[in-house]
Amino acid sequence: MRDRYYSIGRGPELIFGVFLFGIGLIAAIYGLRYGLGQLNDIGPGAFPLGLGIAMMILSALAMKEAGADDPVSRRLTPAFFYLPGIIIWSLLIEGAGLVIATLALIVMCSFAEDELDLKRALLLGLILAAVGYVVFILSFGLTFNLIGDWF
Amino acid sequence: MSVLHDLALGFQIALTWEAILICLGGVILGTFVGVLPGIGALAAISLCLPLTYYMLPVHGLILLSGIFYGAQYGSSTSSILLNIPGTPAAAATCLDGNPMARKGRAGQALFIVTLSSYFGGMVGIILLVAFAAPLARFALSFGAPEYFAVMLLGLVAASTASPGSPVKGLAMMVLGLIFGMVGTDVTSGAYRFTLGYLELTDGINLVAMAMGLFGIGEVLSNLAAPPAPQPPKKSFRLREMLPTRTEARQSVMPAIRGSLLGSWIGALPGTGPAIAAFIAYATEKRISRTPEKFGTGAVEGIAAPEAANNASVQAAFIPTLCIGIPGDAVMAFMLGAMIIHGIVPGPNLISEQPDMFWGLVASFWVGNLILVLLTLPMIGVWVKILNIPRQVLYPLIIFLICVGVFSVNSNVFDVFVAVAFGILGFVMTLFRYPVAPILLGYILGPLVEENFRRTLFISNGDFGAFLSSPVSVICLGLVALALIVPVVLAIRRRRLSPAPR
C-alpha cells in the first residue's frame, strides 16, 4: 500500500504555476515599496518590480503549457519521511548531539521503505555518526557536539 | 614561451603532495557521483564547498573542479550498462553505448569512452591555456554595459537552450534572479525580501540553496521514481576490454572532431556538456558513410559525444576564469565558491594571481591523468557502486547534506532553507521545470543588477549606453534572437500540426 505511484497531471502543475505567479506578484509589490528611483539612479525596487512582472508573464505562459507532456508517475511517500527526518535532525543536533540526531534521521528515512529494517537503520546511523565524528569533528574541527547539552 | 613558464609555475603548485591528494579525492568523488544516476556533480560540489573553507583557496578549487570533470568520466558507465545517463551530459552516450553493451561489448565501450574522454579533456585544457590570456586581455576593455550584455546572454542562452520547455527555463531563471535579490542591496543598503529574518540579510546561503535544490531535491526525485535496474553481473578485466583494431581506428577521428566541437561549444555562454555531446553525436551521424549503424552500437557514436562533453567541461572554465561570467549552473557555483574564498574571477585573475590560475589549470592535467589510470583498471569497482541499495545510499547522502549545510554557519536556519529548496526542487522536477537556471540566476542576479544600474548611472539615464559597443550590441542581438526563435518555431509547429487535441 505504501508503494503507491501517483500520476502527476495537469491540476497540480497549474497549482504550482499559480504559486510562481504569486511569487512574481509579491516581488512586484515589494519592488514598488522599496522605491524605483530615477533613471540615472535606479532604486532598490526597480529590479524586483521588473523581475516580478517577468515572472508573472512567464508563469502564465508556462501554465498554458501545463499538461502538454505525458504525466509522470511518482511515489510521494519517501518525501514525507525524508523531509521531516531532516527537520528532526536539525532540531536535535544542538541539544541532543550528533549521535542521537543521526540515529533519528536514519530511522525516519528507513520508514520510507516498504519493509522496515530497523536493525540496519540503527547500524547505519551509528556508523554514520562515528564516521561523522572522525571526519568532521576530529579532522575538520567542526563545532558539533557528539552528545548534546541536554544530557 | 611565457605560456610554458606559466605552466611550470602551475605544476609547481599542482604537483605538491597535498594538491595531488586533494585532486585525487576530488576526481574519485566526482566519478562516484557521476556513476550514480540522478546524483549530479552539483550536489557533490556543494557538499564539499564547506570543507574547502579549511583549505588554501587553490586547493579548494582543485577539489571542486576535480569533482566536476570527474563526474563526466563516471557518467558514461551507467549510460552504457543501464541505458540511464549518470549525468545529463552522458545522455548521448546511451544511444550507442547501451546497444554495444547488449551485444556483449560493454568492456570495449567503457574502454573507448574513457580514452576519448581523456583526449577530449586534454584538448579542452589546451584551448584553455591558449585562449585564457588573450581573452582576459580583451575582457579588460569591458565596462558595465558589456558585462550586463554578456551576462544577460549567458542567462537567456542557458535557460532556453536546455532540453525541455524554454518558457519554463526562463521562468526558473527569473525565479533565480529574484532569489538573488534577497538580502542587502549593495548599492543602496536597503534590505530586500528578508521577511524579517536577520539570517537573510546576507542573502540566501549559497550552500543551503544548492544542497536543497540539487541534493535533497534529487534524492527525493530519485526515491519517487521507480527503482533503477541492477547492472549485469559481469567482471571487467582490462585485457578483455581492449577494443579490436577496427574499433580503435573507427574511434580516432570522431574523438578528435568531438573534442574540437566540444571545446568551442563549452566556451560559449549558456551551453553545457550535454549540448556539446548531442551536437557532436549529430555531426558524426550526418557525416558518417554508414549513418544507419548509429543507434545499433556504432563506436563513433560513443567516442564523439564523450570526447565532446569532457572537452566542454574543461573549456567551460575559460569564460568563468577569464571574464568572470559563468556559462552554466556548475560554473556559476564555482564562481560563487571563488567569491567566498576571496578570489574575484575576471580579466585580472591571471595577472594578479597567476599561481592560482595556472595551478588550477595544471591540476586539470593531473586530474585527467589520474582519471584514466583510475577508471580503466577499476571499472569493476565503479560498477559495484550501482549495487548499493538505495535504503543505504540515500540516507547517507541526506546525512552528509545535513552536516554540510549546518556546518557552514553552525546554524539550524540554513538547514530549514535547504529543506525549503529541497521541496521546491522536488516539485519542479515533477512538472519538468529545469532546476539549473535557478542557481545560475541566483548567482548572476546581483551582478546583472549592479552592472545595469551602473550603466544607467554613468550614462545619466540614457538607455543608448547599452548599445555603445560592438560586444554589447552583438550579445543583446543574440539575446533577442534566443527569445524570438523558440516563439517562431512554436508558431510554425502549431501551423504544421493543427489541433493536437
Side-chain angles (χ1 to χ4, degrees), chain A residues 5 8 12-13 16 20 23-24 27 30 34-35 38-44 47-48 51-52 54-55 58-59 61-62 65-66 68-69 72-76 78-79 82-83 85-87 89-91 93-94 101-102 105-106 109-110 112-113 117 120-121 124 128 132 136 140-144, chain B residues 50-51 54 165 167-168 170-171 174-175 177-178 181 185 187-190 192-193 216 219-221 223-226 390-392 394-396 398-399 401-403 405-407 410 412 415-416 418-419 422-423 426-433 445 448-449 452-453 456-457 459-463:
Chain A
Y5 285 81
I8 315 283
E13 183 167 348
F16 185 62
L20 291 178
I23 289 189
Y30 271 86
Y34 293 142
Q38 310 291 320
L39 262 187
N40 58 1
D41 183 18
I42 300 272
F47 238 68
L51 291 173
M55 188 78 229
L58 287 168
S59 59
L61 287 174
E65 283 181 13
D69 301 311
V72 291
S73 184
R74 291 286 180 266
R75 54 182 197 138
L76 299 177
Y82 273 70
L83 290 170
I86 301 170
I87 304 272
W89 185 90
S90 55
L91 293 177
I93 182 67
E94 285 174 317
T102 305
L105 168 71
I106 305 297
C109 293
S110 69
E113 294 304 325
D117 192 341
R120 175 163 69 185
L124 180 65
L128 286 183
F136 298 112
F140 281 98
L142 301 186
T143 48
F144 281 99
Chain B
L51 297 184
Y54 303 88
S165 151
V167 168
K168 288 177 176 174
L170 282 172
V174 173
L175 186 64
L177 288 171
I178 293 177
M181 302 291 114
D185 172 31
T187 318
S188 68
R192 293 188 294 189
F193 304 115
I216 300 176
V219 165
L220 291 182
S221 12
L223 281 162
R390 63 178 185 186
Q391 298 92 321
V392 173
Y394 293 128
L396 167 82
I398 291 289
F399 167 72
I401 290 172
C402 287
V403 173
V405 177
F406 179 76
S407 69
S410 291
V412 176
V415 186
F416 294 144
V419 169
I423 298 172
F426 175 52
V427 172
M428 282 167 56
T429 51
L430 289 181
F431 305 129
R432 296 196 182 90
Y433 280 82
V448 170
E449 185 188 15
F452 180 80
R453 285 161 81 168
L456 284 181
F457 181 73
S459 74
N460 202 16
D462 176 15
F463 276 93

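It should be emphasised that the depicted structure is a prediction, and the values quoted were computed from it without experimental measurement.
- For P50(B), no part sits under 4.5 Å from any heavy atom of chain A, backbone or side chain.
- Of the atoms belonging to V403(B), heavy atoms from both backbone and side chain fall under 4.5 Å from chain A.
- Proximity to chain A (any heavy atom under 4.5 Å) is shown, for Y394(B), by both the backbone and the side chain.
- Between atom CZ of residue R390(B) and atom SG of residue C109(A) there is a gap of 13.0 Å, rounded to the nearest 0.5 Å.
- For a residue to count as touching a neighbouring chain, one of its non-hydrogen atoms must lie under 4.5 Å from one of that chain's; by this rule L128(A) touches chain B with backbone and side chain alike.
- Y433(B) and F16(A) have perpendicular rings, their planes meeting at more than 60° on a 0 to 90° scale where under 30° would count as parallel.
- With a threshold of 4.5 angstrom between heavy atoms, A190(B) approaches chain A through side-chain atoms but not through N, CA, C or O.
- In terms of the side-chain hydrogen bond (donor to acceptor under 3.5 Å, both in side chains) criterion, residue partners of E449(B) (sequence neighbours excluded) are, by chain and number, R192(B), R453(B).
- If you tally non-hydrogen atom pairs under 4.5 Å between each of P44(A), P78(A), G35(A), S90(A) and chain B, the highest count goes to P44(A).
- The nearest pair of heavy atoms linking V167(B) to A62(A) is CG1-N, 3.6 Å.
- Counting heavy-atom pairs closer than 4.5 Å to chain A, the top residue among D185(B), D462(B), L51(B), V419(B) is L51(B).
- Using a 4.5 Å cut-off between heavy atoms, V219(B) touches chain A through its side chain atoms alone.
- Chain B forms more heavy-atom pairs under 4.5 Å with one residue of S59(A), P48(A), S73(A) than with any other, namely P48(A).
- The most heavy-atom pairs under 4.5 Å with chain B, out of I86(A), I23(A), L61(A), I106(A), come from I86(A).
- If you measure heavy-atom distances from I216(B) to chain A, the contacts under 4.5 Å come from the side chain alone.
- When heavy atoms are compared at a cutoff of 4.5 Å, L105(A) approaches chain B solely by way of its side chain, counted from C-beta outward.
- With rounding to the nearest 0.5 Å, the separation of CD1 in I42(A) from CZ in F47(A) is 8.5 Å.
- One finds the CG atom of L20(A) at 6.0 Å from the CG atom of L175(B) (value rounded to the nearest 0.5 Å).
- Contact record, L220(B) with Y82(A): CD2-CB, 3.8 Å, taken as the closest heavy-atom pair.
- With a 4.5 angstrom heavy-atom cutoff, F406(B) touches chain A only via side-chain atoms.
- Taking a 6.0 Å sphere around CZ of F457(B), one finds it holds 12 or fewer heavy atoms contributed by other residues, nucleotides or ligands.
- To the nearest 0.5 Å, atoms CG (L223(B)) and CD (Q391(B)) are separated by 9.0 Å.
- Per-residue heavy-atom pair counts under 4.5 Å with chain A were compared for S410(B), C402(B), A171(B), and the maximum is reached by C402(B).
- Heavy-atom distances place the side chain of F426(B), and not its backbone, under 4.5 Å from chain A.
- Chain B forms more heavy-atom pairs under 4.5 Å with one residue of R120(A), E94(A), R74(A) than with any other, namely R74(A).
- Across G445(B), A418(B), P226(B), G422(B), the residue that shares the most heavy-atom pairs under 4.5 angstrom with chain A is P226(B).
- Under the 4.0 Å criterion applied to side-chain N and carboxylate O atoms, K168(B) and E13(A) are assigned as salt-bridge partners.
- For a residue to count as touching a neighbouring chain, one of its non-hydrogen atoms must lie under 4.5 Å from one of that chain's; by this rule L430(B) touches chain A with backbone and side chain alike.
- N460(B) pairs by the side-chain hydrogen bond (donor to acceptor under 3.5 Å, both in side chains) definition with N40(A), not counting sequence neighbours.
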